[in-house]
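Have a look at the structure below before the remarks.
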Amino acid sequence: MEALKQRICREGRILPGSIVKVDSFLNHQVDTRFLGEIADEFARHIDVTKATKILTAEASGIALAAICSYRYGIPMVFAKKAKSDNIEGGLYKSEVYSYTYQKKVTLICAQDWVTADDRVLIVDDFMANGEAMRGLIQIVEMAGAELVGIGCAIEKGFQHGGDKLRAAGYPLTSLAIIDRADENGFQFR
């Protein structure tokens, strides 16, 4: 998606360790109009009419997934990173390593909200090594649901998480794949 690549080049910052910071429009301050354009672009590449649920991970994926949910007219569920007292009943749990937080986290989803009857579209804002996506895929599989697609706004291609998911046969669509992020700027696939 050319508009997304332009936005990354214009507003994105590269921090030490090849951290790509796009918090001016995607995952801290949120440009909802632009996220609507991203949702529309996913719908051009993924048959969203097959989905009955959208699944994402807490917290930064929620804004994009909510916009997609609104656009497509289907419910959105997010996997929490900590169990709270208001979650009851059975839970799906998937332990993943968070590149952002540099530690293991457990993604938690109540079994009430993703079932074997669901056809799930996973949506997330960002992918580095693919661990959060892997955890969300595990939740879909534990539920016995069907995975109909994975939509990622920005993928750090140089960390190869997306490559691993594609090689495993998962239907991943990334709208901007960054192959290099360093003092010379961004290079896209």
Side-chain angles (χ1 to χ4, degrees), residues 26-27 32 35-36 38-101 103-155 159-175 177:
L26 186 62
N27 51 24
T32 56
L35 267 55
I38 291 172
D40 294 344
E41 188 68 16
F42 282 148
R44 285 190 265 286
H45 299 277
I46 301 167
D47 185 356
V48 299
T49 64
K50 291 181 178 178
T52 60
K53 291 275 172 71
I54 293 174
L55 178 65
T56 195
E58 184 178 51
S60 64
I62 293 173
L64 178 56
I67 296 286
C68 290
S69 171
Y70 177 75
R71 282 286 223 268
Y72 312 151
I74 55 176
M76 182 269 292
V77 177
F78 65 90
K80 296 184 176 210
K81 291 183 181 168
K83 185 178 181 318
S84 58
D85 290 339
N86 65 346
I87 297 180
E88 57 187 13
L91 301 173
Y92 302 118
K93 296 180 182 180
S94 179
E95 191 171 279
V96 299
Y97 184 80
S98 171
Y99 182 81
T100 305
Y101 296 105
K103 66 178 186 176
K104 285 186 179 179
V105 298
T106 302
L107 297 178
I108 300 166
C109 182
Q111 291 178 359
D112 292 338
W113 308 128
V114 181
T115 70
D117 294 330
D118 283 313
R119 294 179 313 279
V120 179
L121 169 61
I122 295 173
V123 171
D124 211 355
D125 63 329
F126 215 94
M127 180 172 38
N129 58 17
E131 280 290 295
M133 290 294 188
R134 184 186 59 75
L136 293 170
I137 291 166
Q138 282 184 338
I139 289 170
V140 172
E141 291 171 347
M142 284 186 267
E146 178 186 350
L147 178 64
V148 298
I150 303 170
C152 178
I154 301 172
E155 175 185 333
Q159 289 189 268
H160 306 292
D163 296 334
K164 291 175 191 171
L165 292 176
R166 287 182 192 92
Y170 292 108
L172 172 62
T173 298
S174 295
L175 300 182
I177 301 175

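The figures here come from the full heavy-atom set of this structure, side chains too, leaving out hydrogens, waters and symmetry mates.
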Look only at the side chain of [X] and the backbone of [Y], and say whether a donor-acceptor pair between them is shorter than 3.5 Å.
X: K104; Y: E95; answer: no
X: T52; Y: R119; answer: yes
X: Y70; Y: G36; answer: no
X: D118; Y: V120; answer: no
X: E58; Y: K81; answer: yes

[atom1] of [X] to [atom2] of [Y]: how many Å apart, nearest 0.5 Å?
X: I122; Y: L147; atom1: CD1; atom2: CG; answer: 5.0 Å
X: K164; Y: R134; atom1: NZ; atom2: CZ; answer: 10.0 Å
X: T173; Y: R44; atom1: OG1; atom2: CZ; answer: 12.5 Å
X: D40; Y: L35; atom1: CG; atom2: CG; answer: 11.0 Å
X: T32; Y: I38; atom1: OG1; atom2: CD1; answer: 11.0 Å
X: K93; Y: K80; atom1: NZ; atom2: NZ; answer: 13.5 Å

Going through the checks in order, is the side chain to side chain contact (heavy atoms under 4.5 Å, CB included) test met by I150 and I137? CA-CA 9 Å; I150 303 170; I137 291 166; 3.7 Å; yes
Heavy-atom pair of closest approach, residues [X] and [Y]:
X: G61; Y: D124; result: CA-OD1, 3.3 Å
X: E155; Y: R166; result: OE1-NH2, 2.8 Å
X: F42; Y: C68; result: CD1-SG, 3.9 Å
X: V140; Y: L55; result: CG2-CD2, 3.8 Å
X: V114; Y: C109; result: CG2-SG, 3.9 Å
X: S94; Y: I139; result: CB-CG1, 4.3 Å

Can you tell if the side chain of [X] reaches within under 4.5 Å of the side chain of [Y], non-hydrogen atoms only?
X: M76; Y: V123; result: no
X: K53; Y: T115; result: no
X: M127; Y: L172; result: yes

Candidate pair V148 and V48, rule side chain to side chain contact (heavy atoms under 4.5 Å, CB included), full reasoning: CA-CA 8 Å; V148 298; V48 299; over 6 Å; no
Counting only heavy atoms not in Y97 (residues, nucleotides, ligands), do more than 12 fall under 6.0 Å from its OH?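 Yes - once you tally the heavy atoms of other residues, nucleotides and ligands closer than 6.0 Å, there are more than 12.
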Side chain to side chain contact (heavy atoms under 4.5 Å, CB included) evaluation trace for T56 with L64: CA-CA 9 Å; T56 195; L64 178 56; over 6 Å; no
Verdict with reasoning, V96 to V105, per side chain to side chain contact (heavy atoms under 4.5 Å, CB included): CA-CA 6 Å; V96 299; V105 298; 3.6 Å; yes
